[in-house]
Amino acid sequence: MTHYHPDHIGLAGWLTEHWQAPLWTTEKEWLHARMMSRDGNEDSVRLRLDFAHRAGLDAEAASIFAERQGNYRRGVPSVPPSYRRIGEGTAIMIDGREWQVIIGEGHAPEHACLYCAEAGVLIAGDQILPKISPNISVQAHEPDGDPLARYLDSLKKLRAALPSDILVLPSHNLPFRGVHLRIDELAAHHRARCGEVMTACARPHSAAELMPVLFRRRLDRHQMGFALGEALAHLHYLVGEGEIERATDDGGVDRFLRQAA
Ligand SMILES: [Zn+2]
């Protein structure tokens with residue numbers, strides 16, 4: 001199992017029971033899945049409401065956000081109570097061929113990619129996708145996190161570890177070749193986003209105020225949660241780079257402003 005998101009681990013409970021097989025995954029992904037599948041109490045709703053408020057959502061949008069984020073269990077009815085740990089560099093023999101685990105961060109905490117040098121194939125999970133850019137979001141339980149820095153570092157690591165001519169099997173859309181080109185496109189996409197954020201932050205912006213700048217189409221409720229997390233990811237990255245500054249206003253909303261050159 002590559003990572004803890006519902007569309008990847010959702011059937012793990014059923015699969016392991018049906019086939020009497022152990023779940024193989026990384027420690028952080030298993031722990032995240034276990035945490036998220038129990039995370040429905042008042043505490044965590046309060047946490048998500050505060051997070052949304054600090055990001056600048058109004059009360060109605062904040063309560064939609066808090067509710068949506070609590071939906072993990074709908075897609076993940078059960079997470080196996082035990083697992084077998086894999087991690088960076090783990091070698092797994094499958095049908096006489098060795099597959100090596102390469103960890104990616106940023107989209108998920110310890111996302112496992114599987115690379116078989118002999119077959120020239122990478123099972124990329126969501127770390128590298130051909131058509132869309134994987135969601136990189138600040139999470140309510142780590143409100144000051146900088147997942148975009150982790151993601152960009154992981155892209156660099158993967159680019160160095162992988163030959164350019166391998167076949168990539170992503171978890172969404174079709175298999176493709178040209179992994180170096182795709183990694184460069186993904187990095188360029190985030191650089192362009194950062195450029196837009198910098199332009200907007202000539203005046204103070206909250207994450208909520210940035211959403212229409214970064215996402216020009218109308219967002220439904222589901223997309224709004226992703227968009228808010230993505231806006232924050234770019235803002236926190238730029239704070240980490242020393243390009244913008246964060247200030248909390250009297251109402252408790254964080255606004256970000258470009259540093260004077
Ligand atoms: Zn995912």
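As a basis for the values below, the full set of heavy atoms in this structure was taken, side chains included, without hydrogen atoms, waters or symmetry mates. Note that ligands are numbered from 1 as they come in the structure, with each ligand's atoms numbered from 1 the same way.
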Measuring to the Zn ion (ligand 1), does His8 have an N/O/S atom at a distance below 2.8 Å? no

Would you tell me whether His236 and Asp146 have side-chain atoms, one donor and one acceptor, within less than 3.5 Å of each other? no

Opening angle at the Zn ion (ligand 1) [NE2, His107; OD2, Asp126; to 10 degrees]: 100°

Do the two ring centres, one from Tyr151 and one from His190, sit under 6.0 Å apart? yes

Just checking, Arg193 and Phe215: is the charged tip under 6.0 Å from the six-membered ring centre and within 45° of the axis? yes

Report whether any nitrogen, oxygen or sulfur of Asp7 sits less than 2.8 Å from the Zn ion (ligand 1) (N, O or S, backbone or side chain). no

With a 4.5 Å cut-off on side-chain heavy atoms, are Glu98 and Cys116 touching? no

Which angle, to the nearest 10 degrees, do you find at the Zn ion (ligand 1) between NE2 in His3 and ND1 in His5? 90°

